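To keep things clear, I will list the structure first and then write my remarks on it.
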There are 2 protein chains.
Amino acid sequence: MTETAQTIHDMLQRLELFSSCSDDFLTKISSAAHLTTKPKGHMLFIHEDQADYFYLVKSGWVKIFRETLDGDQAIVDIFTNGHILGETSIFQDDIYPYSAETVEPSELVQLPLSMLKDEIETNPKFAMAMLSSMARYRKQQDQELEHRTLQNAPQRIGCFLLRLTDQSQSGGPVRIHLPYDKTLVASRLGMQPETFSRALKKLKQETGIEVKGSTIETDSLDRLVRYSCAACTSEFPCKDLETESG
Amino acid sequence: MTETAQTIHDMLQRLELFSSCSDDFLTKISSAAHLTTKPKGHMLFIHEDQADYFYLVKSGWVKIFRETLDGDQAIVDIFTNGHILGETSIFQDDIYPYSAETVEPSELVQLPLSMLKDEIETNPKFAMAMLSSMARYRKQQDQELEHRTLQNAPQRIGCFLLRLTDQSQSGGPVRIHLPYDKTLVASRLGMQPETFSRALKKLKQETGIEVKGSTIETDSLDRLVRYSCAACTSEFPCKDLETESG
DNA sequence: CGAGGGTTTGAAGTGCATCAAATAGTGTGG
DNA sequence: CCACACTATTTGATGCACTTCAAACCCTCG
């Protein structure tokens, strides 16, 4: 096994999704994989293209989105370390259900869908893991839709910030760093950059957070939680929605 | 096998999701099932309750939703004939991820989740069918989110109407009947009843549809398609998103 | 007929989008 | 290290879409 293949093997092994896979399988798929570095703005694949590969993000950020004929974009999600994308095309006649583009310089692993398909069909435990992962993602998307319906712009930002924190350590001061530029955060939350800017200011007034560039600080998350989670159907530590696959 | 069990068996057999299941399995789960008739407004289960059963709708309509502490509801989806619901709780620690309530008098089949879980674990083909079903539903939800972002109220109504039509027969006059009351359609589309009423009027002006109570008629779908699908990332016959499971 | 829900209409307010312009930040070459 | 170019972000002004509150209307059904 080459050194790169070994690296990929180790990465996959650390993912919960692949925890039920044999070492044999991981070795085989790692050998067929490619690890590449892509600059910001690189298109991984395009909506409705023939799908032969899925991707694992090693570092950086990748947005998945669809667009209308006149160029309007709807951002579906934005992924980083340890997330996989494009794998659902297996169940969609091998057609990518969205486009994917790097939004930061990123390291990506390209993996063949055919082997994934094989593994699902032959390893029931893996199929189950895949189902769990899909169900979790689905719940997350349900919640996204709910947020668009019930929360206003400042609340959506607050909720987004909360999901960036390590929610295990409650109480005490917290520093949050926005992972990509504000324009992108805005579209991720379904609002215009101008709205984002104003909404963040409002959130600052309402909850006493400190905003310096892309760093946000607060003495305690309490006020943020009270303000943001008021219009949500989930209780605060809503972190159990974490997913690996997309 | 009792007569009821036979009826249920036949219903399940007609669902694509169960097409890879043995007759044995269908017989077994049918015998453990209950067919009931519920009036409008009956709660099937509540968000975060312990989940032991999933449901198949035989007739009528069931809404699935979540609500905030102050009673604000977010409708996740509304299901009818041949749709199943509550089955994803298998992958969510046997906790229902939403509440479910009949919105019309409905015939429902209650089925044990334990047997479904068994079947997934022992029948790879069924696991695959389940995955396909989840992927399809997921794509549908993605599109829902997109619609909320890119389409305005009249367009969302137009799109909803189009999905109620038999899109195989293009051209020619069409009659569409709203399946449940307008207030519910409104919340299904994420708008207020008043907005729905006004938006429908606007849609009438823009596309020349005829509205009589809950019946809508038009000489041809062309104008409706042109108007509604303008702000969408999918081409018109977008019916391939049909799902059985929820 | 009268009660009560569903639906429509009107008037007023709010939130977000849009357009335009100013400002802050970042990286470049000199 | 500075000036410039270019992009990201903020701010202001205005408009539109949707919501909210209130009231009328319309059905259906007892």
Side-chain angles (χ1 to χ4, degrees), chain A residues 39-41 61 63 68 70-75 103-105 147-158 160 177-206 209-216 227-228 230-231, chain B residues 39-41 61 63 68 70-75 103-105 147-158 160 177-206 209-216 227-228 230-231:
Chain A
K40 178 172 173 171
W61 289 90
K63 75 170 173 187
T68 59
D70 38 315
D72 253 0
Q73 281 193 356
I75 305 249
V103 291
E104 298 291 332
H147 286 172
R148 299 283 174 101
T149 313
L150 301 176
Q151 293 185 322
N152 62 22
Q155 287 173 327
R156 288 212 298 281
I157 295 176
F160 180 78
H177 198 79
L178 294 178
Y180 33 78
D181 55 68
K182 293 183 176 177
T183 307
L184 194 60
V185 177
S187 59
R188 164 70 180 71
L189 298 174
M191 63 186 83
Q192 297 308 116
E194 296 94 327
T195 302
F196 179 84
S197 176
R198 287 184 252 257
L200 187 56
K201 194 191 274 186
K202 175 96 188 280
L203 189 67
K204 185 176 160 183
Q205 288 164 17
E206 296 284 343
I209 58 174
E210 288 297 317
V211 181
K212 285 178 219 147
S214 59
T215 302
I216 287 141
Y227 179 79
S228 308
Chain B
K40 178 173 173 169
W61 289 90
K63 76 170 172 189
T68 60
D70 39 315
D72 252 0
Q73 281 193 356
I75 305 248
V103 291
E104 297 292 331
H147 285 172
R148 300 281 174 101
T149 313
L150 302 176
Q151 293 185 321
N152 62 22
Q155 286 173 326
R156 288 213 297 281
I157 296 175
F160 180 78
H177 198 79
L178 293 179
Y180 33 79
D181 55 69
K182 293 182 176 178
T183 306
L184 193 60
V185 177
S187 58
R188 164 70 179 70
L189 297 175
M191 62 186 85
Q192 300 307 117
E194 296 94 327
T195 302
F196 180 85
S197 176
R198 287 184 252 257
L200 187 57
K201 196 191 272 186
K202 175 96 188 282
L203 189 67
K204 185 176 161 183
Q205 287 164 17
E206 295 285 342
I209 58 174
E210 288 298 317
V211 181
K212 285 179 220 147
S214 60
T215 302
I216 287 142
Y227 179 79
S228 308

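Since the structure is predicted, the reported quantities are computational estimates derived from the model, not experimental observations. Proteins get letters first, then strands, A, B, ... in listed order; numbering begins at 1 in each.
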Thr183(A) has its side chain closest, among dT7(C), dT9(D), dG6(C), to dT9(D)
Identify all side-chain donor-acceptor contacts of residues 149-158 of chain B below 3.5 Å with residues at least two apart in sequence or on another chain.
unit_1    : atom_1 : unit_2    : atom_2 : d
Thr149(B) : OG1    : Arg148(A) : NH1    : 3.1
Thr149(B) : OG1    : Leu145(B) : O      : 2.9
Gln151(B) : NE2    : Ser228(B) : O      : 3.1
Asn152(B) : OD1    : Gln155(B) : N      : 3.0
Gln155(B) : OE1    : Asn152(B) : N      : 3.1
Gln155(B) : NE2    : Tyr227(B) : O      : 3.3
Arg156(B) : NE     : Leu189(B) : O      : 2.9
Arg156(B) : NH1    : Gln151(B) : O      : 3.2
Arg156(B) : NH2    : Leu189(B) : O      : 3.0

Is Ala199(B) touching bases, backbone alone, or none of the nucleic acid, heavy atoms closer than 4.0 Å?
nothing
Atom CG of Leu200(B) and atom P of dT9(C) are separated, to the nearest Å, by 10 Å
Rounded to whole Å, CG of Leu203(B) lies from P of dA17(D) at a distance of 14 Å
Gln151(A) CD to dT14(C) P, in whole Å, measures 21 Å
Between Gly190(A) and Glu194(B), whichever has its closest DNA chain C nucleotide further toward 5' is Glu194(B)
Rounded to whole Å, CG of Asp181(A) lies from P of dG25(C) at a distance of 15 Å
Rounding to 0.5 Å, atoms CZ (Arg198(A)) and NZ (Lys201(A)) come to a distance of 8.5 Å
Examine dT9(D): is either OP1 or OP2 under 4.0 Å from a nitrogen or oxygen in the side chain of Lys201(A)? Give yes or no. no
Side-chain contact check for Lys182(B): nearest option of dT9(D), dT8(C), dC18(D) is dT8(C)
The reported gap from OG in Ser187(A) to CG in Asp181(A) (rounded to nearest 0.5 angstrom) is 8.5 Å
When you measure only distances, ignoring hydrogens and angles, does the side chain of Arg198(A) come within 3.5 Å of the base of dT14(C) through a donor and an acceptor?
no
OG1 of Thr183(A) to CZ of Arg188(A), rounded to nearest 0.5 Å, is 15.5 Å
note: Lys40(A), atom NZ; dA8(D), atom C1'; distance rounded to Å ~ 9 Å
> Does Thr195(B) place a side-chain N or O at less than 4.0 Å from the phosphate oxygens OP1/OP2 of dT19(D)?
Replying inline: yes
In whole angstroms, the gap separating P of dT19(D) from CZ of Phe196(B) amounts to 13 Å
When rounded to the nearest 0.5 Å, the distance separating CD1 of Ile216(B) from CG of Leu203(B) is 8.0 Å
In whole angstroms, the gap separating P of dA17(D) from CG of Leu150(B) amounts to 16 Å
Between CZ of Arg148(B) and C1' of dC18(D) the distance, given in whole Å, is 13 Å
